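Remember, predicted model here, so these are calculated numbers, not experimental data.
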Amino acid sequence: MNYTFGTTVDGTIDEVVEQVTERLSGEGFGILTTIDVAATIQNKLGIARSPYVILGACNPQLAHEALEIEPDLGALLPCNVYVRQDDDGIFVGFADPEAMFSIVDNPGVAAIAAEVRARLLRVNDAL
């Protein structure tokens with residue numbers, strides 16, 4: 001099973017992170033965390049790598065509904081979106097919530113995961 005989906009776009013890493021953040025906001029998501037993976041690896045290991053940023057995105061309403069159904073779901077939140085530079089441009093990837101939440105045996109969670117996935121696919125398609 002694929003656990004991600006995504007698309008390649010033009011622009012700089014900073015431009016694309018800003019664009020992704022705006023598109024996520026339009027679908028009700030805010031960014032809880034921003035992790036500059038390349039900077040962390042450089043600072044901790046002294047190894048240079050191409051730009052790579054992970055955004056911890058959360059839709060508060062859907063997160064609330066999911067946590068009401070399954071309190072331990074916090075182990076799978078927030079939704080991760082990653083932006084990385086590769087040879088073809090800037091790739092934006094999304095952790096597939098249906099794949100992530102498939103380990104939870106609860107139909108209510110599956111319905112919320114489907115809604116989150118639909119919103120993230122709209123962001124992906126808008127890029």
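- A donor-acceptor pair is defined here as one N or O able to donate and one able to accept, closer than 3.5 Å; no such pair exists between the side chain of Ser25 and the backbone of Thr21.
- Residues Ile103 and Phe94 fall within the same hydrophobic cluster, defined by Ile, Leu, Val, Met, Phe, Trp and Tyr side chains chained together at heavy-atom separations under 4.5 Å.
- We find the CG-CG distance between Leu120 and Asp125 to be 11.0 Å, quoted to the nearest 0.5 Å.
- The distance from atom CZ of Phe5 to atom CG of Asn124, rounded to the nearest 0.5 Å, is 6.0 Å.
- Taking the salt bridge (charged side-chain N to carboxylate O under 4.0 Å, His left out) definition, one finds that Asp86 meets it with Arg84, sequence neighbours left out.
- Side-chain heavy atoms closer than 4.5 Å link hydrophobic residues (I, L, V, M, F, W, Y) into clusters, and following such links, possibly through other members, connects Val9 to Val123.
- Counted within 6.0 Å of CG on Asn43, heavy atoms from surrounding residues, nucleotides or ligands total more than 12; the atom is thus considered enclosed.
- With salt bridges taken as basic N to acidic carboxylate O contacts below 4.0 Å, one links Glu115 and Arg119.
- Using a 4.5 Å heavy-atom threshold, the side chains of Val53 and Val81 count as separate.
- In the hydrophobic clustering of this structure, Leu73 groups with Tyr3; members are Ile, Leu, Val, Met, Phe, Trp, Tyr whose side-chain heavy atoms approach within less than 4.5 Å, directly or through other members.
- Contact detail for Ala57 and Pro78: the closest heavy-atom pair is O-CB, 3.2 Å.
- Linking ILVMFWY side-chain heavy atoms closer than 4.5 Å, directly or via other members, places Leu67 and Val116 in a single hydrophobic cluster.
- Here Leu76 contributes atom CG and Met100 contributes atom CE; the two are 8.0 Å apart, rounded to the nearest 0.5 Å.
- Considering every non-hydrogen atom in both Arg23 and Ala126, the closest pair reads NH2-O, 3.6 Å.
- One finds the CD1 atom of Ile90 at 12.0 Å from the CG atom of Leu127 (value rounded to the nearest 0.5 Å).
- Going from atom CG of Asp72 over to atom CG of Leu77 covers 11.0 Å, rounded to the nearest 0.5 Å.
- A pairwise comparison of heavy atoms in Asn59 and Phe29 identifies N-CD2, 3.4 Å as the closest pair.
- Note on Val83: it does not cluster hydrophobically with Ile41, by side-chain heavy-atom contacts below 4.5 Å among ILVMFWY residues.
- Of the candidates Thr33, Val92, Val20, Leu32, Val20 is the only one forming a side chain to side chain contact (heavy atoms under 4.5 Å, CB included) with Leu55.
- Contact record, Asp96 with Asn2: OD2-O, 4.4 Å, taken as the closest heavy-atom pair.
- A donor-acceptor pair under 3.5 Å links the side-chain atoms of Gln42 to the main chain of Ala48, judged by distance alone.
- Cation-pi check for Arg117 over Phe101 is not met; the charged atom does not lie both under 6.0 angstrom from the ring centroid and within 45 degrees of its normal.
- Between Leu62 and Ile112, the shortest heavy-atom distance links the atoms O-CG2, 3.9 Å.
- Using cut-offs of 30° and 60° for the angle between ring planes, the Tyr82 and Tyr52 rings count as parallel.
- Of the inter-residue distances, the one linking Asp10 atom CG with Asp88 atom CG reads 10.5 Å to the nearest 0.5 angstrom.
- The minimum heavy-atom distance between Thr34 and Ile31, with the atom names listed, is OG1-CG2, 3.6 Å.
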